[in-house]
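Comments concern the structure below.
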2 protein chains.
Amino acid sequence: MDPLDSPNSRPALAAQSSPQGIAADLVAVLVAVTSGEPRVLTIQDQRALPSGPFELAHRSLQSGLRAWVERQTRLPLGYVEQLYTFADRDRAGATGQHVISISYLGLTREQPTFGEHEARWRGWYDYFPWEDHRDGPPPLMEKTLQPGLKAWASAVSDRTAQRARRQRAAMLFGFEEHSWNEELVLQRYELLYEARLIPEATRGSSSTSTSNHAALSNTPGHAMILDHRRILATGIARLRAKIKYHPVVFELMPDTFTLLQLQRCVEALAGRQVHKPNFRRLIEQQELVEETGETSQDTGGRPAKLFRFRRAVLAERAIAGTKLPVSGA
Amino acid sequence: MDPLDSPNSRPALAAQSSPQGIAADLVAVLVAVTSGEPRVLTIQDQRALPSGPFELAHRSLQSGLRAWVERQTRLPLGYVEQLYTFADRDRAGATGQHVISISYLGLTREQPTFGEHEARWRGWYDYFPWEDHRDGPPPLMEKTLQPGLKAWASAVSDRTAQRARRQRAAMLFGFEEHSWNEELVLQRYELLYEARLIPEATRGSSSTSTSNHAALSNTPGHAMILDHRRILATGIARLRAKIKYHPVVFELMPDTFTLLQLQRCVEALAGRQVHKPNFRRLIEQQELVEETGETSQDTGGRPAKLFRFRRAVLAERAIAGTKLPVSGA
DNA sequence: TGATATATACTCTCGTTGAGCATATGTTAT
DNA sequence: ATAACATATGCTCAACGAGAGTATATATCA
C-alpha cells in the first residue's frame with residue numbers, strides 16, 4: 001500500500017463547502033548541501049516550504065515550477081522531479097476553494113538568500129532530528145521516541161493489535177532486532193503523526209480522541225504549517241532512494257570537489273556513514289568522475305585530488321544503473 | 001532529469017485561454033493479469049483509460065479514486081498508488097477550462113466487465129508491442145523501430161547531435177552493445193513520440209515541422225486519446241520497477257496459485273523470461289508464500305503444489321526488502 | 001622531528017546471483 | 001504396458017559485488 005494516502009493517516013473529514021472550483025498550488029522542496037549539512041529552503045519564519053499558485057501561462061507543471069522558483073529565489077535549479085499530489089485534509093482555504101498541492105523536489109546549491117518572502121536555508125534535520133544517524137542513533141530515539149511509541153502501542157486494548165503496533169514501530173525505527181532503513185522517512189513521520197507525537201497531528205482536531213498528551217510536551221523536531229513537514233519527508237525519502245541508483249548527488253556539489261567531500265554529501269543526505277574505501281571504489285569503477293589535475297589542501301592532511309562530474313555518463317547510461325553505497329559504517 | 005516533463009517531450013504551447021479555474025481529473029491505470037497476459041481496463045472503444053472528475057466529497061484523492069472505480073466497475077481494488085500529475089499540453093477542454101490529470105495505478109483481478117462506459121479489458125502489449133520480450137525481441141523492433149529511429153537520428157544536421165540521438169536510441173531499445181532494460185517503458189515511449197513514430201505525436205500539430213511521415217504508415221501499437229498512452233507507459237514502468245522490491249504481484253494472483261503461475265505473472269509484467277530455479281529459490285527463501293497442502297494438475301505434467309501469499313510479510317518487512325528476480329532467461 | 005590527519009591502495013571473505021544439470025511425478029500417445 | 005513428454009522440484013557451481021579490515025603515502029601542525 002502506498003504510504004501516502006494510507007487510510008488511517010488522516011482523520012476522516014467530510015468536505016462540506018460546495019465546490020467552487022479548484023486551485024492548484026506548487027510546493028517545492030529545494031535542497032542544497034552546504035558544508036556537509038543538508039539544507040532546505042523555507043519561508044514564513046522557517047515554518048513553511050516555498051509555494052505558490054500554478055499559473056496557466058506555463059506549458060507544463062515543471063516549467064512553471066522552474067520559472068517560479070528562479071524568479072523568486074534566483075536559484076539555478078539543476079534537477080527537478082515531481083513528488084506527489086495532495087488534495088485531502090483541511091485544504092479548503094479561507095475562500096472555500098479547495099486546493100490541490102503538487103509538490104516537487106529540486107536540487108541546487110545554496111546561495112545567499114534574497115530578501116523577498118523571508119526565504120531561509122535551514123538544516124533538514126532540524127525538522128527530523130531522528131533521521132540523522134551519521135554518529136549512530138541520536139539520543140532522542142531512545143529518550144523520547146521509544147517511550148512515546150511504546151505508550152502508543154499500549155494504548156490499544158486488543159492484544160494482537162498491540163503486537164502489530166509494536167512490530168510496526170520496531171521495523172520503522174530499527175528497535176530490537178530490526179536494522180535502520182534510512183529510506184523510510186515518510187513512513188516514520190506518518191507513524192509519529194498517527195501516534196500523535198507530532199504537533200501537526202493535534203492541530204486541527206478539537207482535542208478529542210485518545211492522544212497521549214504526555215509525550216507531546218517534548219515533541220521532537222521543528223513543526224511546519226499544514227502538511228509541509230510531510231511533504232518534506234516525502235522529498236527526503238525520495239532523494240535518499242534516488243542517490244543509490246542515479247547520479248543526482250552531483251547536482252548538489254560544486255564544479256570540482258574531493259572524493260571525501262562527495263562522500264560527506266552522500267552521508268549528509270542518507271543520514272548515515274559510509275565505508276570510505278568502498279565508496280571510492282564504487283565511484284571510480286563506474287567512471288562517474290574525472291580528475292581535474294589539481295589538488296585541494298583545505299582540511300590539513302595530505303592534499304586530495306580534485307574531481308569533476310563526468311556529465312557524459314548521463315548520456316551513456318541514463319537511468320540504467322549507477323550505484324552509490326549507502327550501508328553500514 | 002525526470003523523464004516526465006522533459007523539456008523537449010512536447011512542443012511548446014503557450015496557454016491562450018484566460019484561466020477560468022481548474023478542474024481535476026482522475027485517470028486510472030487498472031491492471032490485471034489473466035491467463036498469463038497483462039491487461040488494462042479501457043473505455044471508449046479501447047482508446048482511453050477510465051477517468052472522471054475528482055469529487056470534493058472524498059477525504060482524499062486515493063479514497064476518491066477507490067470509490068469511483070468501485071462504483072463504475074465493481075472491481076475490488078487491492079493495491080493503489082499515485083503515478084503522476086499532468087497539467088501541460090493541450091488539456092484545455094471545450095469549455096476553456098484547464099484540466100489537471102492525476103493518474104493512479106491500481107491492481108486487481110479481471111472480472112467480467114459491466115456494460116456501463118463500455119469498459120473492456122485489453123492486453124497492454126497491444127499498446128506497446130515492442131515491450132514484450134518474453135520470446136526475445138519482437139520482430140517489429142528490427143523491422144519498424146530501428147529504421148524509424150535511424151531516420152530520426154539522421155534527420156539532424158549536426159554530427160555530434162546525430163551521435164547523441166543514435167546513442168540514446170540504442171541505450172533505450174537495446175541496440176548494439178546495450179542490453180534491454182525493461183523499466184524504461186516511459187523513456188522509450190517518449191523517444192518514439194519525439195521521433196514522431198507514434199500517431200499521438202502528430203495529432204494536434206497542423207502537419208508542419210519535420211516529421212518522417214514515411215515511418216508513420218506502419219506505426220506500431222494501438223493509439224489512445226490525449227496522453228493516455230503516456231500515462232499507461234508510466235504505469236507499466238512503475239509496476240515493472242515495483243515488483244522487484246515489493247510483493248505487489250500477489251495482488252494480481254488468485255488466492256491460491258502454483259509457483260509457475262506466479263512466475264508467468266511476473267514474466268508477463270516484466271515482459272521478459274525468468275530463470276525458473278532462481279525464481280523459486282528467491283520466493284521460497286524469502287518466505288513470501290506458504291503451501292496450502294493441495295495440488296493442481298491443470299496443465300498436464302507433474303501436479304504442482306498450491307501456494308498462498310503470506311500476508312504477514314507485509315507487516316514483518318513492509319517495504320524494507322523483497323526481491324523478485326527479473327533477469328535474463 | 002614526531003604526532004596527527006587525511007588520501008590512496010590493496011586484500012580477504014561472504015552472500016547473492018546467474019546459469020546449468022539432475023531427479024521426481026504426473027499425463028498423453030503408441 | 002510402455003515410451004515419450006511435460007511439468008515440478010531440488011542441487012551444484014562459478015562469477016561477481018558488497019562489506020569490512022589493513023597498509024602505505026603525503027601533507028600540516030606542535
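Computed from a prediction, not measured in an experiment: that's the story for all the values here. Each chain gets a letter, A, B and so on, in the order its sequence line appears, and its residues count up from 1.
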Subject >> Whole angstrom value for the distance that separates C1' of C:dT17 from CZ of B:R280 >> reply: 18 Å
Original post:
Which nucleotide in the list D:dT22, C:dT17, D:dC11 gets nearest to the side chain of B:L282?
Top reply: C:dT17
Original post:
Can you tell me how far the CE atom of A:M253 sits from the CG atom of A:L262, to the nearest 0.5 Å?
Top reply: 5.0 Å
Original post:
If you find the nucleotide of DNA chain C closest to A:F307 and the one closest to A:R281, which residue's nucleotide is nearer the 5' end?
Top reply: A:F307
Subject >> Nearest-neighbour nucleotide for the A:Q285 side chain, C:dA19, C:dA7, D:dA18 considered >> reply: D:dA18
**OP:** Decide yes or no for B:M141 and B:Q146: does some side-chain heavy atom of the first lie under 4.5 Å from some side-chain heavy atom of the second?
**Re:** no
Original post:
Starting at CZ of B:R264 and ending at C1' of D:dA6, how long is that distance when rounded to a whole Å?
Top reply: 12 Å
Original post:
What's the CG-C1' distance between B:L262 and D:dA8, to the nearest Å?
Top reply: 15 Å
Original post:
How long is the line joining CD of B:E284 and C1' of D:dA8, in whole Å?
Top reply: 11 Å
Original post:
Given atom CZ of A:F279 and atom C1' of C:dA9, what is their separation to the nearest angstrom?
Top reply: 17 Å
Original post:
How do B:K305 and A:P277 order along DNA chain D: which one's closest nucleotide is nearer the 5' end?
Top reply: B:K305
**OP:** Can you label the angle between the A:F175 ring and the A:F173 ring as parallel, tilted or perpendicular, going by 30° and 60°?
**Re:** parallel
**OP:** Would you tell me if any nitrogen or oxygen in the side chain of B:K276 comes within less than 4.0 Å of OP1 or OP2 on D:dT9?
**Re:** no
**OP:** For nucleotides 24-30 of chain C, just jot down a letter per nucleotide in 5' to 3' order: B, S or -, based on protein non-hydrogen atoms under 4.0 Å.
**Re:** BBSS---
**OP:** Calculate the interatomic distance between B:E291 atom CD and D:dA8 atom C1'; express it in whole Å.
**Re:** 12 Å
**OP:** Please say whether more than 12 non-hydrogen atoms of neighbouring residues, nucleotides or ligands are located less than 6.0 Å from CD in A:Q285.
**Re:** yes
Subject >> Selection from C:dT6, D:dA8, D:dG21 that lies nearest to any side-chain heavy atom of B:A304 >> reply: D:dA8
Subject >> A:R122 charged N/C atom sitting above A:Y127 aromatic ring, 6.0 Å / 45° >> reply: yes
Subject >> Any donor-acceptor pair under 3.5 Å from B:R188 side chain to B:L172 backbone >> reply: yes
Original post:
Within this structure, what is the CG-to-P distance between B:N278 and D:dC16, rounded to whole angstrom?
Top reply: 16 Å
Original post:
What is the distance from CD1 of A:I283 to C1' of C:dT8, rounded to the nearest Å?
Top reply: 15 Å
Subject >> A:W180 and A:H133 aromatic ring geometry - parallel, tilted or perpendicular at 30°/60° bounds >> reply: parallel
